[in-house]
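Below, read A as the first sequence line, B as the second, and so on, with proteins coming before strands; counting in each chain starts at 1.
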Amino acid sequence: MLDPQLLRDNLPGVAKKLADRGYQLDVQAWQSLEDRRKALQIETESLQSQRTQISKSIGQAKAKGEDMQPLLDQVAGLGDQLDQSKAALQDIFAEMEQVTLYLPNLAQEDVPVGQDEADNVEIRTWGTPPTFDFAVKDHVDLGAVSGFMDAEAAATLSGSRFTVLSRDLARLQRALTQFMLDTHINEHGYDEFYVPYLVNDQAMLGSGQLPKFADDAFITEDGRFLIPTAEVPLTNLVANHILDSDALPIKMTAHTPCFRREAGSYGKDTKGMIRQHQFDKVEMVQIVHPEESNQALEDMTNHAENILKALKLPYRVIILCTGDMGFSAAKTYDIEVWVPAQNTYREISSCSNCEDFQARRMQARFRTPEQKKPQLVHTLNGSGLAVGRTLLAVMENYQNQNGSIRVPEVLQPYMGGEQVINRAE
RNA sequence: GGAGAGAUGGCAGAGCGGUUGAAUGCACCGGUCUUGAAAACCGGCAUACGUUAAUAGCGUAUCCAGGGUUCGAAUCCCUGUCUCUCCGCCA
């Protein structure tokens with residue numbers, strides 16, 4: 001949610017920044033709502049104040065045994081007037097909320113202005129895409145060689161966009177997860193969390209998935225949501241908290257499955273593990289002092305990169321343009337890993353500074369000893385990394401001509417020292 | 001799933017439908033006292049919104065949440081959520 005004060009003080013400026021993000025705010029309509037709100041609120045509160053005063057007088061009169069009737073007459077008309085005024089004010093508030101809940105965060109100044117992913121800007125690359133002296137297989141074909149990846153079985157169980165992994169590939173995915181968690185915990189200073197995979201609508205609203213993106217999430221019969229990312233439960237851990245400033249920064253990591261409807265992506269990445277309804281992810285979330293959020297974003301991006309470096313997977317970092325950023329983000333770096341079979345880089349991590357956008361929605365604040373008034377924290381989240389896509393990247397980048405897959409060195413301890421994944425004998 | 005109990009400020013814990021944002025204690029902050037500390041004493045100590053240049057005043061709201069009764073609700077009624085105890089079931 002944007003700062004409502006900002007919408008009052010600098011409406012044209014906000015409208016312009018929203019336009020950069022592809023959101024057209026009807027400035028006139030908003031201004032007229034705001035004008036009505038102000039008049040109505042002042043009226044309502046003044047009526048309320050009058051009634052309270054008279055009611056108190058009635059109490060006193062009664063206590064002294066005086067005649068209350070004149071006072072009762074005086075207050076008689078007030079009630080209806082107040083009810084009307086209140087109702088009108090509530091309508092205005094509701095109407096305004098229907099706008100504000102749908103306003104995306106404003107982009108930082110250094111975010112490139114653009115329409116879509118074509119306008120994203122490459123920041124840096126790491127590693128060199130491997131060359132193969134044979135025809136490369138994609139991860140689906142590699143999975144077929146070992147027989148440890150079974151989309152058909154998954155389709156029978158659940159439909160499209162699911163995968164069954166078995167044996168060494170299942171183990172490799174687990175190894176990746178463990179390695180990522182261990183690295184973030186031991187090298188990067190995150191605390192490990194285990195969180196619910198079902199959350200309520202408040203949590204989804206707090207981190208910005210609701211109300212706008214309800215169609216992207218799976219909802220249960222009793223109104224809960226399967227988490228689309230661990231960002232939702234992790235970030236909401238500080239919802240409605242007033243933290244001590246020395247508790248910051250809070251750095252959390254968790255491994256969870258993620259569930260996404262992938263509504264609107266029909267026909268995209270239908271083959272293989274790129275785009276699934278269910279995938280595992282190791283997530284990083286930081287809750288920081290506002291002045292430190294930009295540095296934290298750089299750090300967090302590096303933390304995600306360190307995983308790829310350790311796995312020796314070539315990647316590049318791009319900054320998303322205003323048109324391609326997520327709803328809650330003020331600035332986002334995507335990390336894209338080299339996918340040999342597609343001869344291109346594909347997203348494997350997204351690291352965002354949401355500034356106070358989520359914090360305002362979920363009322364996550366902190367207080368310093370010097371300052372009386374609590375301030376909103378800044379929140380950041382980043383994938384570190386999407387495990388399924390990492391698995392796919394390892395398979396393709398580490399493939400041999402015969403379809404076997406070398407196990408990256410850092411994963412070998414997690415694989416019982418195994419160095420190559422082969423077809424089962 | 002069944003039966004019962006409960007939800008009040010950072011914590012503990014009062015609160016006949018009437019000047020209650022809410023007693024009291026603890027914690028915390030400031031002061032007096034003291035060589036220093038403790039004790040004692042004095043004072044302070046919620047959040048949000050509106051208005052405003054203002055984190056000054058003033059107004060409004062908030063005693064789990066949402067409705068209702070009433071001139072007036074922490075207090076009465078309804079619904080929901082959560083917590084606890086017992087039983088059942090269960091990884």
- Task: Could you walk me through whether A:Phe357 and A:Phe327 pass ring-ring contact (aromatic ring centres under 6.0 Å, His included), step by step?
- Result: CA-CA 10 Å; A:Phe357 186 85; A:Phe327 183 71; 5.5 Å; yes
- Message: Using a 6.0 Å cut-off, check whether atom CD of A:Gln69 has over 12 heavy atoms from anything other than its own residue.
- Response: yes
- Item | Whether over 12 other heavy atoms sit under 6.0 Å from A:Gln31 CD | yes
- Message: For B:rC58, give the paired nucleotide (Watson-Crick: N1-N3 plus N6-O4 or O6-N4; G-U: N1-O2 and O6-N3; both under 3.5 Å), or none.
- Response: B:rG50
- Task: Can you tell me, in whole Å, how much space there is between the P of B:rA37 and that of B:rG30?
- Result: 12 Å
- Message: Under a 3.5 Å distance rule, please check whether A:Asp244 uses its side chain to pair with a backbone N or O of A:Asp246 as donor and acceptor.
- Response: no
- Please measure how far the P atom in B:rA53 lies from the corresponding atom in B:rU69, and state the result in whole Å. 40 Å
- If we call it a pair only when both distances are under 3.5 Å in a Watson-Crick or G-U wobble match, what pairs with B:rA73? none
- Are there more than 12 heavy atoms of other residues, nucleotides or ligands under 6.0 Å from atom NZ of A:Lys312? no
- Query: So does A:Arg360 pair up with A:Glu355, basic N to acidic O under 4.0 Å?
  - Reply: no
- Query: Is the backbone N or O of A:Arg275 less than 3.5 Å from a side-chain atom of A:Arg161, with the two atoms forming a donor-acceptor pair by type?
  - Reply: yes
- Note on the structure: Comparing A:Arg8 with A:Gln60, nearest RNA chain B nucleotide closer to 5' gives the residue A:Gln60
- Just say parallel, tilted or perpendicular for the rings of A:His184 and A:His188, cut-offs at 30° and 60°. tilted
- Note on the structure: Across every strand shown, the nucleotide meeting Watson-Crick or G-U wobble geometry with B:rG4 (both distances under 3.5 Å) is B:rC84
- Query: Would the number of heavy atoms belonging to other residues, nucleotides or ligands and lying under 6.0 Å from CD of A:Glu298 be above 12?
  - Reply: yes
- Expressed as a whole number of Å, how far does the C1' atom of B:rA12 sit from that of B:rC87? 32 Å
- Between B:rG18 and B:rG13, how far is it from one C1' atom to the other, in whole Å? 24 Å
- Task: Find the partner of B:rA27: check Watson-Crick (N1-N3 plus N6-O4 or O6-N4) and G-U wobble (N1-O2, O6-N3) distances, both under 3.5 Å, and reply none if neither fits.
- Result: none
- With both distances kept under 3.5 Å, what pairs with B:rA38, Watson-Crick or G-U wobble? none
- Near A:Arg261 CZ, under 6.0 Å, is it more than 12 heavy atoms from other residues, nucleotides or ligands? yes
- Rounded to whole angstrom, note down the C1' distance from B:rA74 over to B:rC63. 5 Å
- Take A:Lys38 and A:Ala76, find for each the nucleotide of RNA chain B with the closest heavy atom, and name the residue whose nucleotide sits nearer the 5' end. A:Lys38
- Message: Could you tell me the Watson-Crick or G-U partner of B:rC63, where both distances fall under 3.5 Å? Say none if there is no partner.
- Response: none
- Message: With the threshold set at under 4.0 Å for non-hydrogen atoms, list the residues of residues 48-58 of chain A touching RNA chain B in residue-number order.
- Response: A:Gln48, A:Ser49, A:Arg51, A:Ser55, A:Lys56, A:Ile58
- B:rG6 and B:rA22: how far apart are their P atoms, nearest whole angstrom? 27 Å
- Task: Using the C1' atom on both, measure B:rG66 against B:rU52 and round to a whole Å.
- Result: 33 Å
- How would you give the extent of chain A contacts on RNA chain B, as first and last nucleotide 5' to 3' within a 4.0 Å heavy-atom cut-off? B:rG18 to B:rG72
- Hunt down the Watson-Crick or G-U wobble partner of B:rG21, both distances under 3.5 Å, from any strand shown, or write none. none
- Message: If I pick the P atom on B:rA40 and the same atom on B:rG59, what distance separates them, to the nearest angstrom?
- Response: 37 Å
